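Order of the sequence lines sets the chain letters (A, B, ...), proteins ahead of strands, with each chain counted from 1. In this text, all values refer to a predicted model and were calculated from it rather than measured experimentally.
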Amino acid sequence: MKVLGLILAGGKSEKLGPLVYKRASAALPIGGKYRSIDFTLSNMVNSGIIKVGVLTQYNPRSLMDHLGSGKEWDLDRKKGGLFILQPYIGFSGEYWYKGTADAIFQNMTILRRGEEDYVLIGSGDHIYKMNYNDLYLYHFSKGADITLVTKDLDDSYDMREYGSVVVDDNMRILHFHEKVENPPSRKAFLGVYFMNKHLLMELLYSTVPNGGNDLLLDVILPRINELNVYAYDFKGYWRNIKKGVREYFKINMDIVCDRNVRDELFYENGKVYTKIKDFPPAKFTANSSVKNSIVADGCIISGMVENSVIFRGVIVKAGAKVENSIIMQGTVIEEGAVVKNAIMDKDCLIREGQKVIGDFEPVILEKRTTI
Amino acid sequence: MKNVVALILAGGQGTRLGVLTEKIAKPAVQFGGKYRLIDFTLSNCVNSGIYKIGVLTQYKPHLLNRHIGIGKPWDLDRKDGGVTILQPYSTEEIGVWYKGTADAVYSNIEFVDSYSPDYVLILSGDHVYSMDYNELVDYHRAKSALATVACMEVPLSEASRFGIMVTDLENRIVEFQEKPKVPKSTLASLGIYVFQWNFIREILIKDSKDKNSSHDFGKDIIPKILETERIFAFPFEGYWKDVGTIYSYWESNLELTRPIPPFNIHDENWRIYTHSEEMPPAYISKDSKTKNSLISEGCEIYGDVYNSVLAQGVEIGRGTVVKNSVIMSRVKIGDDCVIENAIVAENVFIGDGVKIGVGNFSESKLNKKIYNSEITVVGMDSVIENKVQIGKNCVVGNDKIVNKDVPSGEYI
C-alpha cells in the first residue's frame, strides 16, 4: 500500500496577528527549534510516507526556505519526495486556491500521476505526534470510505472554535457541525483525512467544477449518508496553533511545563525533524540562572530565564531577566533588560535596561524590532 | 580553492585516551558536547572550500564511518569530489595495514591521482583547531615551497612531545627533530602538511621501497627531504590542540565553558559541522542550577550542573550534582548522585545515589602513565548501580556493570 501525503499549508490565520504578517502559520517557529509544519511532515515520514505535497498560498517564502529540498525529512528523493504545490497561472487563466478541495483539484496531476492507492491529508499548523499506520489499519478494519481523525476535547479547548462530530456506536459519522454556538458533542475533527485516492479524485471531479471548494463542507459532508465516513479517535496531545496567540503561547508552555508532552511530542512515534542549523551547544555562564525553560543550541545565557522557550542562537546577557516568554532565534537581550509575558520574533534586540512586559495577552514584538 | 586534495589521517588508536578509545577510533571520540574530534578538521576543510577529501581509517572505524557517512552534514555529499573513506585493502600480492602516515598516503596514491591535484594537504583527524587552509596553501605557494609544515610555538617543557623545527630567517626549515630529548627550539610541528603533489608522490614511492624507513612523515620523510629541498614552516597563531591524554581531553572540554574560551565554538564565521541526532532543545527544570556549562540538545536537567560539558540526550536526575565533568551522549544519571572530575562515555547508565570521583587521591593501579590525573573515567555502555561509590582516579571499562564500591585508583 502506498500513501500520498498532502499538507494544507496555505491558509491565512488572522488570529495570530504580527506572528504571521510575514509567514504562513505552518512556518511559525515553535518549541525552541521547530516550525509548526515539522510535526505533520515528520508524522508522515515516520509513518512511511515518502511522497508529500505541501499546498501553499499565503506568505510561503519562509516556509519554502524551511522546507528546501526536503533533505531534513529524508524527502530529497529520486522517487517521490517533497512537492511544493503553489497556485499558478495556467493556460486558461489565473486562479488562487478557493478552498481546500479546490487547492487539491488544481493539483490533480499529483494524484493522477502517482502510483499511490491512498491519500492522507493533514494540516501544516497542528501540533501532535501520531503514527498514521494505526489510522490505516483502523480504516480497513471499519471498511471505511473515508476516515476522519477526531478527538474528544477537554475544557481547555473552546468547542465553538472546532468542528463537532456526532458518531454512532460504531464510530460512523452521522453529523458534523462546523464551529457552532452549541456544539452537540466534544468530539472535534482534527483536520486529518484518510481515503482512497481514486475516491478522492472522483469526489473532486464531481464537486469542484460545480463550485464546491471546501473538502469537508462541500465534498464530504453532502455525501455523508452515501459514504462510509468513520471517526478515528486520537488520544494523544493535539493542539492547533491557528486558534490564536494564547493557544500558540499555551502550546509552547505545555512543552516547557509537561514532561509527558515533551516525551510524547519528541521521543514517541519517531522524532520530529526540522531544518538543521549547526549551532554549538547552549552555553550557560557563571551568572546564569535558568529555571523551567527550554534552551536551544547556540544560546549564550548569562542572565535569568524562567518559564520560557529560548530558540536557537539567542543571547541573554548578564543581569537580564526573561520570564514567561517565547524568544525566537537570534534575539539579543542586553544587560539588565526585563522581558515578561512576551513573544519576541526573530532577531529582535532589547537594549540595556529596557523593559518589555505583557499581561494576560503576551506582548508580541515583530521580527527585527529594537527596543 | 582549487586543485587541493585533503587527506585526513584518522586511523590512530590514541592509546593515551585509555578506555575512551578501546571501542572507537580517536577521531570518533566526542568533544565539546555534540561534536566528535574529526568534525573540527572536516569543518576546517569545507570552511576553507576544500571538497575533495579522503579519510584514512584503520583502527576500529565503524562508528567513525557511520558518523561520516556520505558526508551530508559537512556538505560533502557531492557529485564531484566529496568525502571518501580510505581503509587499508589487499592487493593481488598481499593485504597490508598502513605502516605509518607516509605509507597510508602512499597506499592511496591512485585516489589522489584521480583528482590530479597540484597540492595535497595532510591532516589529522584528532586535533581541535580552526585553520583556514587557504592561508597555508597561499603561503606555501608564495614561498615556492615543495612542502610546508604548519607549526606553533610550544612551552619548552612540552617540546619533546612534538616534532621540533629549526628555521632560518625566511622560515625555511633547516633542521627537524622528531620528539627530541633535547629540543633545539620550541617551534613544534602540528602534523599539518601541504605538499606539491608530483613532488611528494615521487618521494613516497621511493620511501616505500626503503627497508630502513618506518614510513612516517615526521620520522622519515620530512627530515630526509629538507636536506635538499625547500621546506618551509608555516607559523600558526590560533588555537590548536591534540587532546591526546585523559587530562588534556578533560581540560580542553572544560575550557570551552569559560566566559572567553581559548577556542570559540560559537564563532558564526567558522561553524563546526557534525552529524548529530535530531533532538529537541535542552530542558532545564525549576530546581536546577546550571552554571559555566555547555548543554547540548535533548538534555533534561533536573539537578545541578557546574563547569561541565554535556553532550546530546543526557539526563540529570533530581538532587544530582555534576561538577567539572564531561558527560557524553545519552548518559542517564539518576537522582541524588554526585559526579565530580569525571569523564563519562556514551550510553552509560548511572543509578540513584551514586557517587563518582569522590574521596582522596590514590595512584592509578591500572596504568599510571595514562590515568594518573585525578579524573575518573567511565567507559561506554557501562552501568553503575544504585548507591555505588567510585573514588578518584578510577577507571571503569566499557560494557561493565558496577554493583559495588570502587576505591580511588582502582579499576574495573
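In this structure, chain B has a heavy atom under 4.5 Å from the side chain of A/Asp76, while its backbone stays farther away. Interface remark: A/Ile300 contributes side-chain atoms only to the contact with chain B (heavy atom separation under 4.5 Å). Interface remark: B/Tyr35 contributes side-chain atoms only to the contact with chain A (heavy atom separation under 4.5 Å). Contact annotation for B/Leu294: both backbone and side-chain heavy atoms come within less than 4.5 Å of a heavy atom of chain A. The part of B/Glu300 that comes within reach of chain A is its side chain, from C-beta onward, which places non-hydrogen atoms under 4.5 angstrom from that chain. Contacts between A/Lys271 and chain B at a heavy-atom distance below 4.5 Å involve the side chain alone, from C-beta outward. Contact annotation for A/Thr274: both backbone and side-chain heavy atoms come within less than 4.5 Å of a heavy atom of chain B. Neither the backbone nor the side chain of A/Ile310 comes within contact range of chain B, judged by heavy atoms closer than 4.5 Å. If you measure heavy-atom distances from B/Asp77 to chain A, the contacts under 4.5 Å come from the side chain alone. Neither the backbone nor the side chain of A/Val305 comes within contact range of chain B, judged by heavy atoms closer than 4.5 Å. Contacts of A/Cys299 with chain B are made by backbone atoms alone, with heavy-atom separations under 4.5 Å and no side-chain atom involved.
The distance from the CD1 atom of B/Ile295 to the CD1 atom of A/Ile301 is 11.0 Å, given to the nearest 0.5 Å. Atom NE2 of B/His266 is separated from atom CG of A/Asp297 by 8.0 Å, given to the nearest 0.5 angstrom.
In terms of non-hydrogen atom pairs under 4.5 Å with chain A, the most contact-rich of B/Ser285, B/Ser276, B/Pro73 is B/Ser285. Contacts with chain A were tallied for B/Ala282, B/Gly32, B/Ala311, B/Gly33; B/Ala282 has the most, counting heavy-atom pairs under 4.5 Å. Ranked by heavy-atom pairs shorter than 4.5 Å toward chain A, the options B/Pro280, B/Ser296, B/Gly298 are led by B/Pro280. Interface summary for chain B: among A/Gly313, A/Ser289, A/Gly298, the most heavy-atom pairs under 4.5 angstrom belong to A/Gly298. In terms of heavy-atom pairs under 4.5 angstrom with chain B, the leader among A/Ile294, A/Leu265, A/Asn287 is A/Ile294.
Side-chain atoms of B/Ser288 and A/Asn292, non-hydrogen and from C-beta on, never get closer than 4.5 Å to each other. Between B/Met279 and A/Lys33, every side-chain heavy-atom pair lies at or beyond the 4.5 Å cut-off. Within the 4.5 Å cutoff, side-chain heavy atoms of B/Pro281 are placed close to those of A/Tyr34. The shortest distance between side-chain heavy atoms of A/Thr285 and B/Lys291 does not fall below 4.5 Å. No side-chain heavy atom of B/His275 sits less than 4.5 Å from a side-chain heavy atom of A/Ile276.
Counting non-hydrogen atoms of other residues, nucleotides and ligands closer than 6.0 Å to OH of B/Tyr247 gives a total of 12 or fewer. Annotation: A/Arg351, atom CZ; neighbour count of heavy atoms from other residues, nucleotides and ligands within 6.0 Å does not exceed 12.
Contact check on B/Lys72 versus A/Glu72 returns no salt bridge, with no Lys/Arg side-chain nitrogen under 4.0 Å from an Asp/Glu carboxylate oxygen. Using a 4.0 Å cut-off between a side-chain N of Lys or Arg and a carboxylate O of Asp or Glu, B/Asp287 and A/Lys291 do not qualify as a salt bridge.
Looking at every heavy atom in both residues, B/Ile284 comes nearest to A/Phe284 through CD1-CZ, 3.8 Å. Across all their heavy atoms, A/Pro281 and B/Ile265 have their closest contact at CD-CD1, 4.1 Å. The two atoms that bring B/Thr274 and A/Asp278 nearest to each other are N-OD1, 4.1 Å, heavy atoms only. Between A/Ser288 and B/Thr290, the shortest heavy-atom distance links the atoms OG-O, 2.9 Å.
For B/Ser293 (side chain) and A/Lys283 (main-chain N/O), no donor-acceptor pair under 3.5 Å exists by modelled atom type. No side-chain donor-acceptor contact under 3.5 Å links B/Arg271 to the backbone of A/Phe279.
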For this session: Dump the intermediate steps for side-chain contact (heavy atoms from CB on, under 4.5 Å) on B/Tyr283 and A/Val295, then the final yes or no.
Result: CA-CA 6 Å; B/Tyr283 171 74; A/Val295 180; over 6 Å; no
For this session: Verify side-chain contact (heavy atoms from CB on, under 4.5 Å) between A/Asn307 and B/Lys286, making sure each step is shown before the conclusion.
Result: CA-CA 8 Å; A/Asn307 308 322; B/Lys286 68 178 188 342; 5.8 Å; no
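By a heavy-atom distance cut of under 4.5 Å, B/Leu256, B/Thr257, B/Arg258, B/Pro259, B/Pro261 are the residues of residues 252-263 of chain B near chain A, going up by number.
Both the sub-6.0 Å distance and the 45° axial angle are not jointly satisfied by A/Arg259 relative to the ring of B/Tyr302.
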